[in-house]
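Indexing begins at 1, ligand by ligand and atom by atom, following the structure's order.
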Amino acid sequence: MIKGSCLCRNVTYDISGDVGDIVHCHCITCRKAHGAAFSSVASVPLINFQLTGEEKLSSFESSPGKVRHFCGNCGTQIYAIREGASHIILRLGSLDDDITSKEISHIWTSQKANWYSINKELTEHLESD
Ligand SMILES: [Zn+2]
Ligand SMILES: [Zn+2]
């Protein structure tokens, strides 16, 4: 079982089975929704995704038929789903547990922020700097 939650922990979920391959989405709606350079996502079959706390769950239809679900209290993006789809698009930043999925691609780079470079080697810091 893989667990996830929002920042204020009002929204919580369990995933049974595996999380799909990881994609980093640079589209403008992901950038706005997440307040970030891109959104890291993976597919999870709807039947394997179980909300265990959803009182504060809110949603926004960001494009026709695509609904983004997030915590209405703290704002954490949790998942998106397309109308009629049998899988959700999980927002990986909301995971509490490690996963074994592999990164496979960057998508919507035509809308990438001009201040972010995908392949630039930057120094890494274990904490803030
Ligand atoms: Zn929350
Ligand atoms: Zn996107």
Handout entry: At the Zn ion (ligand 1): angle between Cys74 atom SG and Cys8 atom SG, to 10 degrees
Key =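 Between SG of Cys74 and SG of Cys8, at the Zn ion (ligand 1), the angle is about 110°.
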
Handout entry: Gap between atom NE2 of His34 and atom SG of Cys25 - 0.5 Å precision
Key =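 Cys25 atom SG to His34 atom NE2 measures 8.0 Å (nearest 0.5 Å).
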
Handout entry: Matching residue for Thr76 among Leu7, Asn10, Val11 - test: side-chain contact (heavy atoms from CB on, under 4.5 Å)
Key =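 So, applying the side-chain contact (heavy atoms from CB on, under 4.5 Å) to Thr76 and each of Leu7, Asn10, Val11, only Leu7 qualifies.
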
Practice task
Could you state whether Ile88 and Val41 fall into the same hydrophobic cluster, counting links through intermediate Ile, Leu, Val, Met, Phe, Trp or Tyr residues with side-chain heavy atoms under 4.5 angstrom apart?
Solution key: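 No; tracing contacts between hydrophobic side chains, which count when under 4.5 Å, never links both residues.
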
Problem - Residue pair Thr12 / Leu51, side-chain heavy-atom distance below 4.5 Å - result: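 A side-chain contact is absent here, since even the closest heavy-atom pair is not under 4.5 Å.
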
Practice task
State, with a plain yes or no, whether a side-chain heavy atom of Ile2 is found less than 4.5 Å away from one of Leu95.
Solution key: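 In short, these two side chains touch, coming nearer than 4.5 Å.
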
Handout entry: Of the protein N/O/S atoms, how many lie under 2.8 Å from the Zn ion (ligand 2)
Key =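 Excluding waters, the total comes to 3.
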
Handout entry: salt_bridge(Lys3, Asp14) N-O dist < 4.0 Å
Key =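 So Lys3 pairs with Asp14 through a salt bridge.
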
